[in-house]
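Only heavy atoms go into these numbers, but all of them, side chains included; no hydrogens, no water, no symmetry mates.
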Amino acid sequence: QVQLVESGGGLVQPGGSLRLSCAASRSIFGINTVGWYRQAPGKQRELVAAITSGGITTNAESVKGRFAISRDNAKNTVYLQMNSLKPEDTAVYYCATGSTIVAIERGAGYWGQGIQVTVSS
C-alpha cells in the first residue's frame, strides 16, 4: 500500500506560478510511473504530465512550455512546476502512481486525495 499526499495548491493570479508536490509514504517513484492529473468542474479528468521510472517526461499539449514534472527519489516526492497559469488551469489536481499510465488508468495504481488550484484575478 502507498499513500500519496499532494501539497502546494491554492489561489494564484493569471500569469503566476505554483509548484505542486506529491509525497509518497515509501520509496516507489524510482520504479513507477507518476502522473499528474486534473479535473475541472463538469469536465473529464485529464492527464497533465507524467514521468517514468527512467525519467522520461511527457506533457499535455495544453500545458507544454508552461508546466514541468520532476522527481526527487531521495525525498520520495514528485513535483509539478506550473508557470504562466491561466484561468482554464483551474481544477483539482491529483497525483497517481503505477507501473505505467495505462495501468494507472485501468485501476492498478495509487491516487492522492487531490488539491485545488484556482487561477483567478
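Here the CD-OG1 distance, from Q116 to T90, works out to 7.0 Å after rounding to the nearest 0.5 Å. Atom-to-atom distance recorded for R26:CZ and Q1:CD is 8.5 Å, nearest 0.5 angstrom. In this structure, OH on Y93 lies 12.0 Å from CD on Q39, to the nearest 0.5 angstrom. Residue E105 holds its CD atom at 6.5 Å from CZ of R45, rounded to the nearest 0.5 Å. Rounded to the nearest 0.5 Å, atoms CZ (F29) and CG (L4) are 5.0 Å apart. One finds the SG atom of C22 at 13.5 Å from the OH atom of Y110 (value rounded to the nearest 0.5 Å).
Applying the side-chain contact (heavy atoms from CB on, under 4.5 Å) criterion to T33, with sequence neighbours excluded, gives T52, I101. With sequence neighbours excluded, the residues forming a ring pair (Phe, Tyr, Trp, His ring centres under 6.0 Å) with Y37 are W111, listed by chain and number.
The backbone N or O of K75 lies less than 3.5 Å from a partner atom in the side chain of T77, making a donor-acceptor pair. For the pair E6 (side chain) and G114 (backbone), a donor-acceptor distance under 3.5 Å is present.
Residues V63 and V119 fall within the same hydrophobic cluster, defined by Ile, Leu, Val, Met, Phe, Trp and Tyr side chains chained together at heavy-atom separations under 4.5 Å. When hydrophobic clusters are built by joining Ile, Leu, Val, Met, Phe, Trp and Tyr residues whose side-chain heavy atoms come closer than 4.5 Å, directly or via intermediates, V78 is not grouped with L47. Both I69 and L18 are assigned to one and the same hydrophobic cluster, defined by single-linkage of ILVMFWY side chains at heavy-atom distances under 4.5 Å. With hydrophobic clusters built from ILVMFWY side chains whose heavy atoms lie under 4.5 angstrom apart, V92 shares a cluster with I104.
Taking each heavy atom of S53 and I31 in turn, the nearest pair found is CB-C, 3.6 Å. The two residues P14 and S121 have their closest heavy-atom pair at CD-N, 3.7 Å. The minimum heavy-atom distance linking D89 with S84 is given by the pair OD2-O, 4.4 Å. Contact detail for A91 and A40: the closest heavy-atom pair is CB-N, 3.8 Å. Nearest heavy atoms, L80 versus A49: CD1-CB, 4.0 Å. The two residues S21 and W36 come nearest to each other via the heavy atoms O-CH2, 3.7 Å.
There is a side-chain donor-acceptor pair under 3.5 Å between S17 and N83.
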Run the side-chain hydrogen bond (donor to acceptor under 3.5 Å, both in side chains) test on T97 and N32 for me, step by step, so that the C-alpha distance in whole Å, both residues' side-chain angles and the decisive distance to 0.1 Å come before the verdict.
CA-CA 6 Å; T97 189; N32 265 17; 3.2 Å; yes
Requested in this report: Using the side-chain contact (heavy atoms from CB on, under 4.5 Å) rule, take L20 and I115 through it: C-alpha gap first, then chi angles, then the decisive distance, then the call.
Outcome: CA-CA 9 Å; L20 303 183; I115 193 162; 4.3 Å; yes
**OP:** Please test S62 against R38 for side-chain contact (heavy atoms from CB on, under 4.5 Å), starting from the C-alpha separation and ending with a verdict.
**Re:** CA-CA 12 Å; S62 59; R38 67 186 180 187; 3.5 Å; yes
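Within a 6.0 Å sphere centred on CZ of R106, other residues, nucleotides and ligands contribute 12 heavy atoms or fewer.
The one candidate from N73, V2, N76 that meets the side chain to side chain contact (heavy atoms under 4.5 Å, CB included) condition with S27 is N76.
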